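Just so it is clear, the structure is predicted and the values come from calculations on it, not from any experiment.
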Amino acid sequence: MSDLTVTQIAAQISDPALKAWVESWDDLPTGVDTAEFLAKFLQAGYRAQIAYNTATPVPSPTITAYQQPIFGAVSLNTTTGFSTYLATYGVQVRIPGDLDIAVATNV
């Protein structure tokens, strides 16, 4: 399947320091495309957020930036016999007018 490369995404990053850091990354492991990496990374962020919020005593701010994934209905590919579903991952940030200073949202 077609996917963007990390290099193609890095080319569109406007923050010079972040762009240089992403450009310095090694290639993804063989067989792992960018969408798979991002989905697994955001899933791990969501799980880490739950662990942090569970372990951190109130009144510390609760992290809410990493959204719970939304899963679509399961469908069966009649050619392969595999069941699949669509998953949507996201991150919520607060942007005070300039994307270069986005911060994670907290409650």
Do V22 and V6 have side chains that approach each other closer than 4.5 Å (heavy atoms only, starting at C-beta)? yes

Give me the ring orientation class for F37 and F41: parallel if the planes are under 30° apart, tilted from 30 to 60°, perpendicular past 60°. tilted

Whether over 12 other heavy atoms sit under 6.0 Å from N77 CG: yes

I need the full list of salt bridge (Lys or Arg N to Asp or Glu O under 4.0 Å) pairs touching residues 57-83, with sequence neighbours left out, sorted by first then second residue. none

Got a donor-acceptor contact below 3.5 angstrom from the Q8 side chain to the T5 backbone? yes

Side-chain heavy atoms under 4.5 angstrom apart, residues restricted to Ile, Leu, Val, Met, Phe, Trp, Tyr: same cluster for L42 and V32? no

Is the shortest heavy-atom distance from the side chain of Q67 to the side chain of Y46 under 4.5 Å? no

Would you confirm whether D3, through its side chain, and A35, through its main-chain N or O, come within 3.5 Å as a donor-acceptor pair? yes

Does atom CG of L86 have more than 12 heavy-atom neighbours, drawn from other residues, nucleotides or ligands, at distances under 6.0 Å? no

With sequence neighbours excluded, tell me which residues meet ring pair (Phe, Tyr, Trp, His ring centres under 6.0 Å) with Y85. F71

Correct closest heavy-atom pair for L76 and S83 would be CD1-OG, 3.9 Å

Tell me if a side-chain donor or acceptor on S60 pairs with a main-chain N or O of T56 at a distance below 3.5 Å. no

Which heavy atom in E23 sits nearest to a heavy atom in A10, and how many Å separate them? CG-CB, 3.8 Å

Whether Q49 side chain and Y66 backbone form a donor-acceptor pair below 3.5 Å: yes

If Ile, Leu, Val, Met, Phe, Trp and Tyr residues are connected whenever their side-chain heavy atoms lie under 4.5 Å apart, and connections chain through other members, are V91 and I95 in the same group? yes

Among the clusters formed by ILVMFWY side chains lying less than 4.5 Å apart, do Y89 and I70 turn up in the same one? no

Measuring from atom CG of L38 to atom CD of Q43, what distance do you get when rounded to the nearest 0.5 angstrom? 13.0 Å

Under a 4.5 Å cut-off applied to non-hydrogen side-chain atoms, are I9 and T34 in contact? yes

Is there a chain of hydrophobic side chains (I, L, V, M, F, W, Y, each step under 4.5 Å between heavy atoms) that links L18 to L28? yes

